[in-house]
Amino acid sequence: MSFAREASRAVRSTLVLWVIGAIIYPFAMIAIGQIAFPFQANGSLLKNNAGQVVGSALIGQPFTSDRYFNSRPSTTSYSTADPKKDDAGVLKTGVSGASNLAPSNPALLERIKGKDDPDPSKKIEGDLTRLKTAGVQPTGDLVYTSGSSLDPHITPEAAIAQIARVAKTRGFQPNQLETLIAQNTDGRFLGIFGEPGVNVLKLNLALDRINGK
């Protein structure tokens, strides 16, 4: 009798804990997320002027046009490459991750400084040359990739360095872009952790909203 009673109690306890842990708690978290933090709970999705979802505030995108503020380099092209057509091998390190190349590694130096070659197909322009040609003073985060290669932020200094190029291409006043950068700069977490960063996708979407351009 005692054994049956203890077994019944164990079964009931297991069922109660299962209902709490597998049903009540998850659904409570979903409800709290949807009510209190709907933007974050649904992926921090960002929309363009047409109301179309164009990305997430949590994951970077490759921007290289002079009309936009450029992102920092990515070893995986922000995971936008097609694995079946990855001729450049941008996904060879996986969908997320750094190159882990040492500062003296020839491959890293070629990407940054470029490589001259009689064969145009083998010539590498280099990020430094590209930035200087565009009138952008290179900063560390415009030359080096992030640890995940998915970082959506650049430093305020990197954004400010691109103001002249974007203002010239778009026909904007530099002070307009300075305001946009300030509005799209995320501060330190809790005011003390990390460094301020400019969300490139948010900034470029705000850029498109100016006068509907």
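A quick note: this is a predicted structure, and the numbers were derived from the prediction, not measured.
Interatomic distance, Thr139 OG1 to Leu131 CG, rounded to the nearest 0.5 Å: 8.0 Å. Note that CZ of Arg188 and CD of Glu195 are 4.5 Å apart. Values are rounded to the nearest 0.5 Å. A distance of 11.0 Å separates CD of Gln162 from OG1 of Thr169, quoted to the nearest 0.5 Å. With values rounded to the nearest 0.5 angstrom, Arg130 atom CZ is found 5.5 Å from Asn70 atom CG.
A donor-acceptor distance shorter than 3.5 angstrom exists from the side chain of Gln61 to the backbone of Val54, with no hydrogens or angles considered. Between the side chain of Ser149 and the backbone N or O of Thr145, no donor-acceptor pair lies under 3.5 Å. Panel note: side chain Thr14, backbone Ala10; a donor-acceptor pair is recorded below 3.5 Å. Side-chain N or O atoms of Thr185 include none that pairs as donor or acceptor with a backbone N or O of Val198 at under 3.5 Å.
Follow the hydrophobic side-chain contacts under 4.5 Å out from Ile181 and you reach Phe172 in the same cluster. Leu203 and Val53 fall into different hydrophobic clusters, defined by Ile, Leu, Val, Met, Phe, Trp and Tyr side-chain heavy atoms under 4.5 Å apart, directly or through other members. In this structure, Met29 is not a member of the same hydrophobic cluster as Phe37, with clusters built from ILVMFWY side-chain heavy atoms closer than 4.5 Å. Side-chain heavy atoms closer than 4.5 Å link hydrophobic residues (I, L, V, M, F, W, Y) into clusters, and following such links, even through other members, never connects Leu101 to Leu150. In terms of hydrophobic clustering, with Ile, Leu, Val, Met, Phe, Trp and Tyr side chains grouped at heavy-atom distances under 4.5 Å, Leu201 and Leu58 are assigned to different clusters.
Leu180 has its side chain within reach of Leu207: a pair of non-hydrogen atoms, C-beta onward, lies under 4.5 Å apart. Residues Thr133 and Thr129 are in side-chain contact: their nearest non-hydrogen atoms beyond the backbone lie under 4.5 Å apart. Contact annotation: the side chain of Arg170 never approaches that of Ile210 to less than 4.5 Å [non-hydrogen atoms, C-beta and beyond]. When side chains are defined from C-beta on, His153 counts as touching Asp186, because their heavy atoms get closer than 4.5 Å. Within the 4.5 Å cutoff, side-chain heavy atoms of Ile154 are placed close to those of Asp141.
For the residue pair Asn42 / Gln34, a side-chain donor-acceptor distance below 3.5 Å is found, with atom types taken as modelled. Between the side chains of Ser13 and Arg9, not a single donor N or O lies within less than 3.5 Å of an accepting N or O.
Of all heavy-atom pairs between Tyr144 and Arg72, the closest is O-NH2, 3.0 Å. When all heavy atoms of Leu46 and Lys202 are compared, the closest pair comes out as CD1-CG, 3.6 Å. Nearest heavy-atom pair across Phe69 and Val200 is O-CG1, 3.4 Å. Across all their heavy atoms, Pro103 and Leu108 have their closest contact at CA-CD2, 4.0 Å. Here the shortest heavy-atom pairing between Val143 and Pro138 reads CG2-CB, 4.2 Å. Heavy atoms only, all atoms of each residue included: Ala57 and Pro152 are closest at O-CG, 3.5 Å.
Summarising the local packing, CD of Glu110 is surrounded by more than 12 heavy atoms from other residues, nucleotides or ligands at distances under 6.0 Å. More than 12 heavy atoms of other residues, nucleotides or ligands sit less than 6.0 Å from atom CG of Leu128.
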| said: Between Asn48 and Asp208, is the side chain to side chain contact (heavy atoms under 4.5 Å, CB included) condition met? List the steps. | reply: CA-CA 8 Å; Asn48 61 14; Asp208 280 339; over 6 Å; no
| Derivation of the side chain to side chain contact (heavy atoms under 4.5 Å, CB included) call for Asn204 and Phe63 | CA-CA 9 Å; Asn204 286 331; Phe63 286 96; 3.4 Å; yes
| task | Could you go through the side chain to side chain contact (heavy atoms under 4.5 Å, CB included) check for Leu205 and Arg209 one step at a time? | result | CA-CA 6 Å; Leu205 287 174; Arg209 293 190 184 102; 3.9 Å; yes
| field | Steps toward side chain to side chain contact (heavy atoms under 4.5 Å, CB included) verdict (Asn184, Asn199) | value | CA-CA 6 Å; Asn184 291 279; Asn199 191 294; 5.5 Å; no
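We find that Lys132 and Asp127 are not joined by a salt bridge, their nearest charged nitrogen and carboxylate oxygen being 4.0 Å or further apart.
Shown here are the salt bridge (charged side-chain N to carboxylate O under 4.0 Å, His left out) partners of Asp66, two or more places apart in sequence or in another chain: Arg165. Under the side chain to side chain donor-acceptor pair (under 3.5 Å) criterion, Ser71 pairs with no residue at all, not counting sequence neighbours.
Taking Ile, Leu, Val, Met, Phe, Trp and Tyr as members and joining any whose side-chain heavy atoms lie under 4.5 Å apart, directly or through other members, the hydrophobic cluster of Ile23 also contains Val16, Trp18, Val19, Ile20, Ile24, Phe27.
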